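Below: one structure, written as structure tokens.
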Protein chains: 2
Amino acid sequence: MQISDVNQSIANRLHSAAIHLLRRLRKQDEAMGLSQARASALSVVVFGGPVTIGDLAHAEHVSAPTMTRLVIGMERDGLVRRERDARDGRIVWLKPTTKGTRILHEGRRRRVAALAEQLATLTERDRQTLASASQILERLLRAAPRPATGERPVSTTDVRSRRATRR
Amino acid sequence: MQISDVNQSIANRLHSAAIHLLRRLRKQDEAMGLSQARASALSVVVFGGPVTIGDLAHAEHVSAPTMTRLVIGMERDGLVRRERDARDGRIVWLKPTTKGTRILHEGRRRRVAALAEQLATLTERDRQTLASASQILERLLRAAPRPATGERPVSTTDVRSRRATRR
DNA sequence: GTATGTATTTAGCCTAGCTAAACGAATATA
DNA sequence: TATATTCGTTTAGCTAGGCTAAATACATAC
């Protein structure tokens, strides 16, 4: 099949590009104590918070224990605060601290600095292609991996709305 | 500055997209004993080999000890073979085994299967955007991170040519 | 022939992923 | 009301994959 070959090529190139992009950016992030996993989780807390640990795990597509440990580290480093829910004693709400918000934004600034020279060498058209592609990808990845499994589709953007219905 | 804001936005969205893409694909790869790191390294060996461990580390932008360990695992699992260089006793050449080549291709097939449904929902135009973007990215990332540091620019594609000059 | 350089490995550390299982709190049911 | 179940989080313990520092073994230059 023609279309499947095209998709295979796209998937594999995306995979390769993603791996190498992350390796490139890792150093910048870690220079300020913001690993990739933390940067990604923290940005959900900063832009989408307050959020529970479980929701954050779903939004980030990692297991709950993994997120618990990330949160422990971020709390120890003063990036987020825990707050128990008044009505439901099982729930922990996460909020960014001032430091957390600042570090996240610094991280984002450093990250672009690491790519800026190279992004600047691109034509406007190429930059536009990258911008569009990242949007297409996020939209694509936000969809459920396998609609048939019944796993609820969770997106970073509906974290608030899901919890908003909690009583 | 206008352009820097645009670049920041692109860099951050790419970062986010890359993280989530890899988390999505990881399960598929690991289902057949091909982690992301192995899949990426193995593809260099299969498509660009024979290659030395040091060159592979450079091509993958990881340290030599990291690559040594990856190779140990891949060799243990019969994906690659080591061969000492006849003229230079320090050098280890890596070649894919039949199994390694097969597994790599299976991995690539599974990987697209994991994204296929979703790629199929895209318009031809969007698919084209993703394809272009991955090419632009690989080209961008192949360039030296910081041209000033004197670090030699190493690409997956010139692995052969670099080694071809060895006597 | 000694010193220096190069390719790989060893040792030891860290983060971040996982599953299984424990725990405490909430909720449903008999 | 007592009991069972479900839910959110944490603990415990494993693995892979990243790093640096230092050891090893070979090659080369002086």
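Computed from a predicted model, the values in this text were never measured in an experiment. Within every chain, numbering begins at 1; the chains are lettered A, B, ... in the order of the sequence lines, protein sequences first and strands thereafter.
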How many Å lie between CZ on A:Arg87 and P on C:dA25, as a whole number? 18 Å
Between CD1 on residue B:Ile103 and CZ on residue B:Arg38, distance to nearest 0.5 Å: 10.5 Å
So which protein N/O to nucleotides 19-22 of chain D N/O distances come out below 3.5 Å?
residue: D:dC19; atom: OP2; partner: B:Ser63; partner atom: N; Å: 2.7
residue: D:dC19; atom: OP2; partner: B:Ser63; partner atom: OG; Å: 2.8
residue: D:dC19; atom: OP2; partner: B:Thr66; partner atom: OG1; Å: 2.9
residue: D:dC19; atom: N4; partner: B:Arg69; partner atom: NH2; Å: 3.3

Salt-bridge contact B:Arg87-B:Asp85 (side-chain N to carboxylate O under 4.0 Å): no
Protein-nucleotide distance (B:Ile91, atom CD1; C:dT9, atom P), rounded to Å: 12 Å
With the threshold set at 4.0 Å, does a side-chain nitrogen-carboxylate oxygen contact exist between B:Glu75 and B:Arg82? yes
Please report, rounded to the nearest Å, how far the P atom of C:dT19 is from the CE atom of A:Met67. 14 Å
Would a 4.5 Å heavy-atom cut-off, applied to side chains only, mark B:Lys95 and B:Val80 as touching? no
Would you compute the distance between atom CG of A:Leu34 and atom CG of A:Leu104 and round it to the nearest 0.5 angstrom? 6.5 Å
Atom-pair distance (CZ on A:Arg90; P on D:dT10), nearest Å: 13 Å
Whole angstrom is fine here: how far is it from CZ in A:Arg84 over to C1' in D:dT9? 7 Å
Answer yes or no: is there an ion pair linking A:Asp77 with A:Lys99, defined by an N-O contact shorter than 4.0 Å? no
Rounded to the nearest 0.5 Å, what separation is found between the CD1 atom of A:Ile53 and the CZ atom of A:Arg90? 14.0 Å
Grab the CG-C1' distance between A:Leu70 and C:dC18 for me, whole Å please. 13 Å
Under a 4.0 Å heavy-atom cut-off, which of residues 71-83 of chain A touch DNA chain C? none
A:Leu34 CG - C:dC14 P separation (whole Å): 19 Å
Which value, rounded to the nearest 0.5 Å, describes the distance between A:Thr66 atom OG1 and A:His61 atom NE2? 13.5 Å
Side chain of A:Thr52 only, please: which of D:dT9, C:dA26, C:dG17 is the nearest? D:dT9
Which distance, rounded to the nearest 0.5 Å, do you find between the CD of B:Glu83 and the CD1 of B:Ile91? 13.0 Å
D:dC7 P sits how many Å from A:Ile53 CD1, rounded? 18 Å
